[in-house]
Trainee: 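Take a look at the following structure, please.
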Amino acid sequence: MTFSLILEQVLNGLQSGIMLFLMAAGLTLIFGVMGLINLAHGSLYMVGAFCAAAVAGLTGSFVLGLAAALAGAALAGALIELVVIRRLYARDHLDQVLATFALILIFSEGTRWVFGSFPLYLDVPDALSGPVALPLGIQYPAYRLAIIVVGLVVAAGLFWLIGRTRLGIRIRAGENDREMIAALGVDIGRLYTIVFALGAALAGLAGALVGAIQSVQVGMGEPVLILAFVVIVIGGIGSIKGAFIGALLVGLTDTLGRIFLPELFKLVMEPSAATQAGSALAQIAIYVLMAAVLVWRPTGLFGARA
Amino acid sequence: MTFRTLALGTAVAALATAATAEVKVGMITTLSGGGASLGIDTRDGFMLAIDAAGRDDVTVIVEDDQRKPDVAVQLADKMIQSDKVDVLTGIVWSNLAMAVVPSATAQGLFYLSTNAAPAQLAGRGCNANYFSVSYQNDNLHEGAGAYATQAGFKNTFIMAPNYPAGQDSLTGFKRFYEGDLAGEVYTQLGQTDYAAEIAQIRASGADSVFFFLPGGMGISFLKQYADSGVDLPLVGPAFSFDQAILQAVGDAALGVKNSSTWSKDLDNAANAAFVAAFEEKYDRLPSIYAAQGFDTANLLLSAIDKADVNDDAAFQAALKEADFDSVRGSFSFAANNHPIQNVYVREVIKEGDIFTNKIVATAMENRDNAYVGDCKM
């Protein structure tokens, strides 16, 4: 195992972490500001990927596809906030889980109804296809590098939005005391719709970016949703900074665990059994990480609430 | 329809029912969720043969198992107890088959497998009422291993998800592969990102890659592999290369070799007629699942002509004769009721705008399976 291979795996871990951050940011904002558990967040990721695949397929332009993913997911998010989610804020978490789980089923079967059961085609744009040579002899796909850059830019934009703008001040105020900012004349209903649409757009962007290197199919969002929940629990619910650090931790743990645990087992076992045992352990590595963080800090790394 | 034709139709149907005993078939397959395209092809292939036969002594009830073992078991119970079916068929996934088949055959029903054929049901768990019309699960992996040996690969990197069918896959490949292994990796079931594994492949010094990643996993891997700049030959079983998947992978799959017991260009009259009829009726190319569904229905119809489904011994014998024109050409049953058939090597090509496969070699001739000796019927 050479140094450059390890470095390449770290890049892979970063890339998957940054995509997770786009998912987790919306989830943690929605939970932090509105106190809502949104299981349908994975469906918005799927909506983004399908919008991108459909529009890129029609126009041949990946950029238009991305724009469609952002718009489509934000629209779907705003729509379900107005029609369904709005009625759930005052209810307890179990009702929210039930209703948003129903939304998953509706979105999945609705997507199948519109696009059919077969996976859609979405490929990386020609300008970013193929690998680029990095220092130390690393060959790394250009598209994955682009994903890392886009993810970092969006993360920076999000920190700016939350920390430096009027909307961000309202969002943070809403997180702390929603009655008080309502009393100060902020239209809380509209604020909620905006936050929800923003979270949905981020999920849709992640779906479209990842859809180009994965399979655009019904049900693609749910595995990512589970990881995103792990991320926000590790990072501390409601914290964007926590979501960022948590996502990188989960991405790196998952990727490096998958590669190095089987290698570790090979020192003491025969190869076939070692890869099986190592892979099985790698599957639970992020949950072990989550448990360890919760023992150390019960509210997560940057969680404020008890 | 006027009243007279309706009455006439009813009278004819009544006559037909009087002439032969009616056979009720229960099809449990996956019609929703991530694996739906496989079940839809299975059903469409099966119904194509049933409809073409134009018989009214065969009824088929189709239900969706949602790829969940518990749902499949409930459907089987309902079909056996309230619908009183004689034959069950259609299950795509091995874990669902293991949940349904042993109890169905123990209750005296016939089960004809259109796809799933786990080792447990081929060896010690074999049953005179259970026939696999598709293959034995290991066959395609064995074919890929045999092909890797024929192609002169000396140092293959092998990879499959970490679950029973994935472990069987690598075992099956190694059974007929004679070179060395550059690496052996188990991925996670449902994994969508293979960057880490591709980096390992690049660093391993392999001369070729064997992978078993069915469904969406295969789409993800093929796209990422093509984009990584790694340029080693790929070999896999047909599961990652059916019609639905190839269109979603696009150019990234071109030239990849895959092992299959069926291909749309397989040269025999039954296959040519099947492919044409399927395209005509459903307006898409058939997949291996459709071909297996079609063969299963034709096998069933051939047995119904020879024997009464209520006479177990006679119906078993009629099925075992395999007296139908298989779209796979030469087809017969081994002692454990699993097929003896060729395993071919296909290459992914582009025909006009459609990605599809063509046969380039025969990996194994008249292959039965590794479990015949374990089956005591």
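Atom set for the values below is all heavy atoms of this structure, side chains included, hydrogens, waters and symmetry mates excluded. Naming: A, B, ... by sequence-line order, numbering from 1 per chain.
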Trainee: At a heavy-atom separation under 4.5 Å, does A:Pro223 approach chain B through its side chain, its backbone, both, or neither?
Mentor: neither
Trainee: Have B:Glu184 and A:Thr275 got a donor and an acceptor in their side chains that come within less than 3.5 Å?
Mentor: no
Trainee: Using the rule given for side-chain contact (heavy atoms from CB on, under 4.5 Å), can you reason through A:Gln15 versus B:Asp193, listing the C-alpha separation, both sets of side-chain angles and the distance that settles it, and then say yes or no?
Mentor: CA-CA 10 Å; A:Gln15 183 257 313; B:Asp193 197 295; 3.8 Å; yes
Trainee: Any idea which heavy atoms bring B:Ala248 and A:Tyr121 closest together, and the distance?
Mentor: O-CD1, 3.1 Å
Trainee: Please walk me through it: do B:Gln188 and A:Asp254 pass side-chain contact (heavy atoms from CB on, under 4.5 Å)?
Mentor: CA-CA 11 Å; B:Gln188 295 174 15; A:Asp254 189 41; 4.0 Å; yes
Trainee: What are the two closest non-hydrogen atoms of B:Ala195 and A:Asn12, and how far apart are they?
Mentor: CB-OD1, 3.2 Å
Trainee: Please test A:Met220 against B:Thr192 for side-chain contact (heavy atoms from CB on, under 4.5 Å), starting from the C-alpha separation and ending with a verdict.
Mentor: CA-CA 9 Å; A:Met220 65 187 283; B:Thr192 49; over 6 Å; no
Trainee: Examine whether an atom of B:Val249 lies under 4.5 Å from a heavy atom of chain A, and if so say whether it belongs to the side chain, the backbone or both; otherwise answer neither.
Mentor: backbone
Trainee: Tell me, side chain or backbone of A:Gln139 under 4.5 Å from chain B's heavy atoms, or both, or neither?
Mentor: both
Trainee: So does A:Gly130 get a backbone contact from the side chain of B:Asp227, meaning a donor-acceptor N/O pair under 3.5 Å?
Mentor: yes
Trainee: Check whether A:Leu120 gets within reach of chain B through its side chain, its backbone, both or neither, counting any heavy atom under 4.5 Å.
Mentor: backbone
Trainee: What part of A:Ala280 is in contact with chain B, defined as an atom under 4.5 angstrom from a non-hydrogen atom: side chain, backbone, both or neither?
Mentor: both
Trainee: Check whether B:Thr187 gets within reach of chain A through its side chain, its backbone, both or neither, counting any heavy atom under 4.5 Å.
Mentor: backbone
Trainee: Would you say B:Lys223 and A:Gln214 make side-chain contact, with heavy atoms under 4.5 Å?
Mentor: no
Trainee: Below 4.5 Å from any heavy atom of chain B, which atoms of A:Gln283 appear? Answer side chain, backbone, both or neither.
Mentor: both
Trainee: Given heavy-atom pairs under 4.5 angstrom as the criterion, report whether the side chain, backbone, both or neither of B:Leu189 touches chain A.
Mentor: backbone
